[in-house]
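See structure below.
Residue numbers start from 1 in every chain, and the chains themselves are labelled A, B, ... in the order their sequence lines are given, proteins ahead of strands.
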Protein chains: 2
Amino acid sequence: MHTVDDLSKVLKVLADPTRLTMLKQMQGGEQCACSFVDCFDISQPAISRHLKMMRQAGLLLERRDKQWIHYRLNETSPFYKIVVDLLDNIETVDASCDCETDCAI
Amino acid sequence: MHTVDDLSKVLKVLADPTRLTMLKQMQGGEQCACSFVDCFDISQPAISRHLKMMRQAGLLLERRDKQWIHYRLNETSPFYKIVVDLLDNIETVDASCDCETDCAI
DNA sequence: AGGTTATATAACGGATTTGTTATACAGATA
DNA sequence: TATCTGTATAACAAATCCGTTATATAACCT
């Protein structure tokens with residue numbers, strides 16, 4: 001159970017097509033930040049800020065491996081179920097989003 | 001099933017504490033616009049615009065009775081289930097929101 | 001017709017969002 | 001150490017959001 005304020009803050013984070021797509025991709029497993037940079041038609045700093053926003057909302061966890069940072073859904077977030085329920089309502093996203101680097105997965 | 005763009009547009013409408021509260025109240029049944037005006041600490045035009053935004057998103061239906069307009073959730077919206085599932089995650093809202101007028105209900 | 005009440009629209013201002021470019025930092029490698 | 005790659009931050013601009021006040025419209029009531 002959440003307050004109106006808490007839920008509306010999370011919905012604000014979710015209410016963006018770029019972030020929704022990123023989340024949908026992470027639903028399929030951990031994603032390297034660089035794969036998002038390759039995948040979307042926006043700059044690397046823009047990607048970085050989208051990731052930061054979701055991380056600060058507690059929606060993401062990160063794992064550093066060498067110079068690469070891998071992001072995944074935070075299954076322990078109090079909003080995790082809400083997020084995946086929403087993602088399950090989205091048509092499968094184009095998977096033509098492969099990382100061009102050596103980030104190993 | 002929805003597209004990322006369609007879902008993010010609806011989430012943008014939902015991602016506001018005033019609108020979420022209004023929707024939660026309408027989950028309990030039809031509400032007169034005037035009851036929102038009495039209930040929230042914002043101006044009547046602000047209320048009117050929140051209602052318009054939700055109406056335009058297809059989330060609400062309206063019924064005119066004399067000079068009063070009553071709003072309710074649109075159960076035929078393709079997003080209806082998503083909306084109520086989200087509302088069900090919200091703590092019950094303070095019901096001290098009674099219309100001061102003769103709008104009858 | 002004239003006044004009152006309920007709701008909608010117009011015009012505007014400040015805050016927030018979301019992109020950009022430039023730059024800094026962290027880690028790997030020659 | 002110097003440089004390259006991946007990521008984050010700073011500073012800024014355009015667009016959008018959300019409130020305001022003023023005004024218009026619609027329906028009711030003398």
Testing C:dG19, D:dT7, C:dA8 for proximity to the side chain of B:Ser48, the answer is C:dA8

Rounded to whole Å, CD1 of B:Ile69 lies from P of D:dC28 at a distance of 11 Å

Quiz item: At under 4.0 Å, does any side-chain N or O of B:His50 touch on OP1 or OP2 of D:dC17?
Solution: no

Among the nucleotides D:dT9, D:dT7, D:dT20, whichever has the atom closest to the side chain of A:Cys34 is D:dT7

Of C:dA8, C:dT7, D:dG19, the nucleotide closest to the side chain of B:Ala46 is D:dG19

For a quick check of understanding: with a heavy-atom distance under 4.0 Å over all strands, which category does B:Arg64 fall into, base, sugar-phosphate or nothing?
sugar-phosphate

Here the distance between atom P of C:dT16 and atom NZ of A:Lys9, to the nearest Å, is 12 Å

Below 4.0 angstrom from OP1 or OP2 of D:dT9, is there any side-chain N or O of A:Lys52?
yes

Please evaluate the base of C:dA6 for a donor-acceptor partner in the side chain of B:Gln44 within a cut-off of under 3.5 Å? no

*Quick one: is B:Ser43 getting a side-chain N or O under 4.0 Å of the D:dT20 phosphate, OP1 or OP2?*
yes

So, do A:Leu20 and A:Leu87 sit near enough that their side-chain heavy atoms are less than 4.5 Å apart?
yes

Looking only at D:dT7, D:dC28, C:dA8, the nucleotide nearest the B:Lys66 side chain is D:dC28

* Report which part of the nucleic acid A:Tyr71 touches: base, sugar-phosphate, or nothing (heavy-atom distance under 4.0 Å, all strands). => sugar-phosphate

Between CD1 of A:Ile47 and P of C:dG19 the distance, given in whole Å, is 8 Å

Item to complete: Give one of base, sugar-phosphate or nothing for B:Ala33, where a contact means two heavy atoms less than 4.0 Å apart.
Response: sugar-phosphate

For residues B:Asn89 and A:Phe79, determine if any side-chain heavy atom of one lies less than 4.5 Å from a side-chain heavy atom of the other.
no

With the side chain defined as heavy atoms from C-beta on, B:Gln67 is closest, among D:dA8, C:dT18, D:dA27, to D:dA27

For this session: Would you mind reporting whether A:Met22 and A:Phe36 have side-chain heavy atoms less than 4.5 Å apart?
Result: yes

Ranking D:dA8, C:dA6, C:dG19 by distance to the side chain of B:Trp68, first place goes to C:dA6

Whole-Å distance, B:Ile42 CD1 to D:dT20 P, equals 6 Å

